[in-house]
Amino acid sequence: MAYPIRRRKYNVKPSATKPRSGAVVWTRGQRPGAALIPMPPLKTQGAVQYVTGGIGEAEYVSMRQAQCKFPLALEFARKAPHHDRYIADVEVSIADEAGRSVLAVRSDGPYLLAKLPDGEYTVRATYFGHTLERTVKVAGHASARTVFVWDMKL
């Protein structure tokens with residue numbers, strides 16, 4: 001699944017859809033008094049809390065705004081003829097310095113935000129059988145952001 005990357009700011013009101021099960025995180029719009037924007041539900045695997053999503057304008061905005069609240073932010077895209085396209089259904093595995101798996105999930109959208117303890121991690125992202133690998137360092141209250149872009153024809 002792929003759709004165009006938007007590199008502009010939005011101020012979108014939440015949709016009237018029913019919330020999914022699980023915890024819901026809200027972010028505030030860009031201007032004072034702006035409506036709260038719902039995020040996909042926060043999930044837990046082992047000791048790691050994470051959220052994936054970013055499909056549709058409201059989710060896109062909420063995920064972009066929430067990046068600073070998570071120590072690790074991953075973004076997934078693929079090269080396209082005229083502009084890059086966001087993608088979903090990416091298999092993601094994150095291992096700590098000792099090689100132990102701390103998170104193994106499939107992304108529901110082009111963003112994956114995770115609350116990880118400080119340390120160095122190896123992130124492997126697989127899309128249509130093509131795996132990209134990055135080493136990321138999570139430290140302090142800063143947010144480590146990594147973008148995975150596949151240069152492939154489908």
Side-chain angles (χ1 to χ4, degrees), residues 1-20 22-43 45 48-95 102-116 120-139 141-154:
M1 169 184 215
Y3 49 99
I5 290 180
R6 296 186 177 140
R7 300 236 184 253
R8 56 187 166 173
K9 296 180 180 178
Y10 292 96
N11 188 13
V12 180
K13 293 182 181 177
S15 66
T17 60
K18 293 181 183 179
R20 294 178 247 174
V24 177
V25 179
W26 296 79
T27 60
R28 188 163 292 283
Q30 293 177 339
R31 60 184 161 74
L36 293 175
I37 301 170
M39 281 188 52
L42 191 62
K43 300 174 185 176
Q45 187 178 97
V48 178
Q49 289 185 315
Y50 69 96
V51 61
T52 68
I55 295 178
E57 287 188 26
E59 264 190 29
Y60 168 81
V61 170
S62 65
M63 296 291 283
R64 293 286 291 189
Q65 290 175 346
Q67 281 185 22
C68 63
K69 296 176 182 155
F70 289 82
L72 180 63
L74 305 177
E75 187 175 333
F76 311 111
R78 72 172 172 84
K79 291 280 185 190
H82 301 290
H83 46 77
D84 294 350
R85 293 204 173 268
Y86 279 128
I87 56 175
D89 296 325
V90 176
E91 291 289 336
V92 179
S93 65
I94 301 174
V102 294
L103 185 65
V105 297
R106 178 183 290 269
S107 72
D108 294 330
Y111 290 99
L112 185 146
L113 308 177
K115 292 185 178 182
L116 297 171
E120 193 168 291
Y121 298 90
T122 301
V123 181
R124 287 182 185 88
T126 304
Y127 182 66
F128 276 94
H130 298 273
T131 301
L132 300 177
E133 184 176 303
R134 305 275 191 282
T135 300
V136 295
K137 185 170 184 159
V138 174
H141 296 296
S143 182
R145 180 174 176 262
T146 301
V147 180
F148 291 87
V149 180
W150 283 263
D151 189 7
M152 55 191 269
K153 295 181 182 179
L154 296 179

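Please read all numbers here as calculations on a predicted model, not as lab measurements.
For the pair Leu72 and Ile94, the minimum side-chain heavy-atom distance is below 4.5 Å. In this structure the side chain of Tyr50 never reaches within 4.5 angstrom of the side chain of Leu74, judged on heavy atoms. In this structure the side chain of Val105 reaches within 4.5 angstrom of the side chain of Leu112, judged on heavy atoms. Ser93 places none of its side-chain heavy atoms less than 4.5 Å from the side chain of Thr122. Residues Arg64 and Tyr111 are in side-chain contact: their nearest non-hydrogen atoms beyond the backbone lie under 4.5 Å apart.
Nearest heavy atom pair, residue Gln67 against residue Leu113, reads CG-CD2, 3.8 Å. Val138 and Leu116 make their closest contact through CG1-O, 3.8 Å (heavy atoms, listed as atom of the first residue, atom of the second, distance). Between Glu59 and Gly54, the shortest heavy-atom contact is OE1-N, 2.9 Å. Gly53 and Pro40 make their closest contact through CA-CG, 4.1 Å (heavy atoms, listed as atom of the first residue, atom of the second, distance). Of all non-hydrogen atoms in Arg106 and Asp89, the two that sit nearest each other are NH1-O, 3.4 Å. The two residues Gly109 and Ala88 make their nearest non-hydrogen contact at CA-CB, 3.6 Å.
Note that the OG1 atom of Thr131 and the CZ atom of Arg124 stand 8.5 Å from one another [nearest 0.5 Å]. Rounding to the nearest 0.5 angstrom, the gap separating the NE2 atom in His130 from the CZ atom in Arg78 is 11.5 Å.
Results of the ring pair (Phe, Tyr, Trp, His ring centres under 6.0 Å) test with Tyr127 over Trp150, Tyr86, Phe76 single out Trp150 as the only residue that passes.
Here Glu120 does not pair with Lys137 in a salt bridge; the nearest charged N to carboxylate O distance is not below 4.0 Å.
Between the side chain of Thr52 and the backbone N or O of Asp108, at least one donor-acceptor pair lies under 3.5 Å. In this structure a side-chain-to-backbone donor-acceptor pair under 3.5 Å is present from Ser107 to Val90. Between the side chain of Gln45 and the main chain of Ala104, a donor-acceptor pair closer than 3.5 Å is present.
In terms of the salt bridge (charged side-chain N to carboxylate O under 4.0 Å, His left out) criterion, Arg134 has no residue partners (sequence neighbours excluded).
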(request) Applying side chain to side chain contact (heavy atoms under 4.5 Å, CB included), run through Tyr121 and Leu103 and close with a yes or a no. (result) CA-CA 11 Å; Tyr121 298 90; Leu103 185 65; over 6 Å; no

